[in-house]
> 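Please find one structure pasted underneath; my questions will follow.
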Amino acid sequence: MTTTTAATDSTEVMAQAIADAAVSNDVLSGDYLLETRGLTVSFGGLNALSDLDFGVRDGEILGVIGPNGAGKTTLFNAITSTVDVTAGDIYFEGETLRGLDPNQVTARGIARTFQNVRLFANMTVLENVMVSQHCRTRQGVIGALLSRKSFRQEEAEIRDRAVEILKFFGTRLIGFRLDQPASTLSYANRRRLEIARAMATQPKLILLDEPVAGMNPVESAELTDLIAQLREEWGYAIVLIEHDMNVVHNVSDRVVVLDHGTKLTEGTYGEVSVDPQVVQAYLGHDGDD
């Protein structure tokens, strides 16, 4: 091989490596804030999620729908590291989430709510939101025990931030309710408080798991408006699992449909709602009879 040929080959290899790196970068980040690639979660040999490619954009409200057992909550559990991923990967802002603990995922900027409300029942409304900020605090146990000035200052900042978040919910969670135990709240207000706790972690992305479940139509409509405001006023990207199609229709920019752990289709609500695969998954027939 001549010197000229070797140099040419070296240049071509380097150019190809740069191109490959650029392609890889696009795959990891692309247009998505959060992205899964080939995500598979298995339990006892059965796939709850199978080779799922999924993504949500910055500032987007994405609805995730599907029949019971479709893998919707498993998707949230995989993203937040509360179940083990069998294969594939999850990227947030272009970096993998695999191998992180749940608290590390929260610190990265992802918060969630649950199907069954999870609050500190004996803590007050204010305390529930204050304690949720622990992933952003700087002062440790020593500062608390010694009641250092820096600790007292941070505690005041945490309280002010909690009050600011709770004001977003209007009279539902503010005023005299600040000092009420969470256990005394109505079901709808406990749902609101759980969202407030998620906001307190200072996320970029909030995962809402059936936020209007168990609510009456008036409460559902109020919370639907609130979800839209979370994006408009606070700038969050939101992924919403919901069985109430009015909520999905009214608030989602885009909808992903899951069935048996795989993605059937995605698009606007109008597009997916008339898709034959979606009709069959929900109704168990092809819609012709």
Side-chain angles (χ1 to χ4, degrees), residues 34 36 39 41 43 46-50 52 54-56 60-80 82-83 110-119 185-198 205-231 236-287:
L34 175 100
T36 73
L39 182 62
V41 176
F43 301 107
L46 298 176
N47 287 346
L49 293 174
S50 183
L52 178 64
F54 168 91
V56 58
E60 181 179 34
I61 299 180
L62 177 68
V64 178
I65 66 173
N68 290 331
K72 303 182 297 295
T73 296
T74 299
L75 172 62
F76 276 16
N77 290 342
I79 292 168
T80 55
T82 56
V83 299
I110 299 176
R112 71 170 293 182
T113 65
F114 296 85
Q115 287 182 20
N116 300 315
V117 179
R118 299 185 183 183
L119 300 172
L185 296 176
S186 68
Y187 176 77
N189 281 342
R190 291 200 299 271
R191 285 282 185 186
R192 293 182 177 95
L193 180 55
E194 190 174 36
I195 294 173
R197 280 166 44 85
L205 170 66
I206 297 181
L207 311 176
L208 300 176
D209 196 344
E210 298 188 29
V212 306
M215 292 187 181
N216 63 42
V218 172
E219 292 168 338
S220 295
E222 288 180 357
L223 198 58
T224 302
D225 290 340
L226 184 144
I227 292 169
Q229 291 170 34
L230 287 173
R231 189 256 303 274
Y236 302 130
I238 297 169
V239 181
L240 169 77
I241 293 174
E242 189 50 68
H243 287 289
D244 188 327
M245 291 300 104
N246 286 326
V247 176
V248 176
H249 177 226
N250 289 333
V251 81
S252 299
D253 300 311
R254 191 164 52 93
V255 178
V256 170
V257 186
L258 301 183
D259 186 36
H260 293 94
T262 63
K263 183 169 67 177
L264 285 184
T265 188
E266 62 181 292
T268 65
Y269 179 84
E271 291 168 343
V272 303
S273 63
V274 296
D275 188 295
Q277 294 182 94
V278 178
V279 174
Q280 185 172 17
Y282 270 100
L283 302 180
H285 59 74
D286 59 12

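Starting from 1, each residue takes its place in the sequence as its number.
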> Holding to side-chain contact (heavy atoms from CB on, under 4.5 Å), I want the full list of residues that pass it with Val272, two or more places apart in sequence or in another chain.
Val255, Val257, Thr265

> Restricting to salt bridge (charged side-chain N to carboxylate O under 4.0 Å, His left out), what partner residues turn up for Asp259, sequence neighbours left out?
none

> Is a donor on one side and an acceptor on the other found under 3.5 Å between the side chain of Thr224 and the backbone of Val247?
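Between the backbone of Val247 and the side chain of Thr224 there is no qualifying donor-acceptor contact (under 3.5 Å).
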
> Please give me the minimum heavy-atom distance between Phe43 and Ala48, naming the atom from each residue.
CE1-CB, 3.6 Å

> Using side chain to side chain contact (heavy atoms under 4.5 Å, CB included), reason through Val256 and Val239 one step at a time and then give a plain yes or no.
CA-CA 10 Å; Val256 170; Val239 181; over 6 Å; no

> Nearest 0.5 angstrom please: Thr80 OG1 to Leu207 CG, how far?
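Reported to 0.5 Å precision, the distance equals 7.0 Å.
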
> Listing request: all ring-ring contact (aromatic ring centres under 6.0 Å, His included) pairs with a residue in residues 238-261, at least two apart in sequence or in separate chains.
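Pairs touching residues 238-261 that pass the test: His249-Tyr269.
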
> Per the salt bridge (Lys or Arg N to Asp or Glu O under 4.0 Å) rule, what does the pair list look like for residues 213-222, sequence neighbours excluded?
Arg172-Glu222, Arg192-Glu222

> Asp253: which residues meet the salt bridge (charged side-chain N to carboxylate O under 4.0 Å, His left out) condition with it, sequence neighbours left out?
Arg231

> Write down the atom of Ala281, the atom of Pro67, and the distance for their closest heavy-atom approach.
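Where Ala281 meets Pro67 most closely, the heavy atoms are O-CG, 3.6 Å.
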
> Between Leu264 and Asp275, is a side chain to side chain contact (heavy atoms under 4.5 Å, CB included) present by the stated rule, with each step listed?
CA-CA 9 Å; Leu264 285 184; Asp275 188 295; over 6 Å; no

> Can you see which heavy atom on Leu62 is nearest to which on Gly55, and at what distance?
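Heavy atoms of Leu62 and Gly55 come nearest at CD2-O, 3.5 Å.
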
> To the nearest 0.5 Å, tell me how far Arg254 CZ sits from Glu60 CD.
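The distance works out to 4.0 Å.
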
> Between atom OG1 of Thr36 and atom CG of Leu52, what is the distance when rounded to the nearest 0.5 Å?
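Here the interatomic distance stands at 4.0 Å.
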
> Within this structure, what is the CD1-CD1 distance for the pair Ile61 and Ile238, rounded to the nearest 0.5 Å?
4.5 Å

> Check Ser220 against Met215 and note the closest heavy-atom contact, atom names and distance.
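The answer is OG-CB, 3.7 Å.
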
> Whether the side chain of Lys72 engages the backbone of Leu240 through a donor-acceptor N/O pair (distance < 3.5 Å, no angle test) should be reported.
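Checked: no pair found.
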
> Test of understanding: with side-chain contact (heavy atoms from CB on, under 4.5 Å), list the residues that count as partners of Gln229, not counting sequence neighbours.
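For Gln229, the residues satisfying side-chain contact (heavy atoms from CB on, under 4.5 Å) (neighbours in sequence not counted) are Phe168, Asp225, Glu233.
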
> Using side-chain hydrogen bond (donor to acceptor under 3.5 Å, both in side chains) as the criterion, list what pairs up with Asp244, not counting sequence neighbours.
none

> Determine the minimum heavy-atom distance between Gly71 and Leu49, stating which atoms define it.
O-CD2, 3.4 Å

> Specify the closest pair of heavy atoms between Pro211 and Arg191, including all atoms of both residues, with the distance to one decimal.
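The answer is O-CD, 3.4 Å.
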
> Looking at residues at least two apart in the chain, or sitting in another chain, which of them share a side-chain contact (heavy atoms from CB on, under 4.5 Å) with Ser50?
Asn47, Thr262

> Determine, stepwise, if the pair Leu223 / Ile195 fulfils side chain to side chain contact (heavy atoms under 4.5 Å, CB included).
CA-CA 10 Å; Leu223 198 58; Ile195 294 173; 3.9 Å; yes

> Holding to side-chain contact (heavy atoms from CB on, under 4.5 Å), I want the full list of residues that pass it with Phe114, two or more places apart in sequence or in another chain.
Arg112, Arg118, Glu194

> Start with the C-alpha distance between Leu258 and Phe54, add both sets of side-chain angles, then the distance that settles side chain to side chain contact (heavy atoms under 4.5 Å, CB included), and finish with yes or no.
CA-CA 10 Å; Leu258 301 183; Phe54 168 91; 5.7 Å; no

> Atom CG in Leu208, atom OG1 in Thr113: separation rounded to 0.5 Å?
4.5 Å

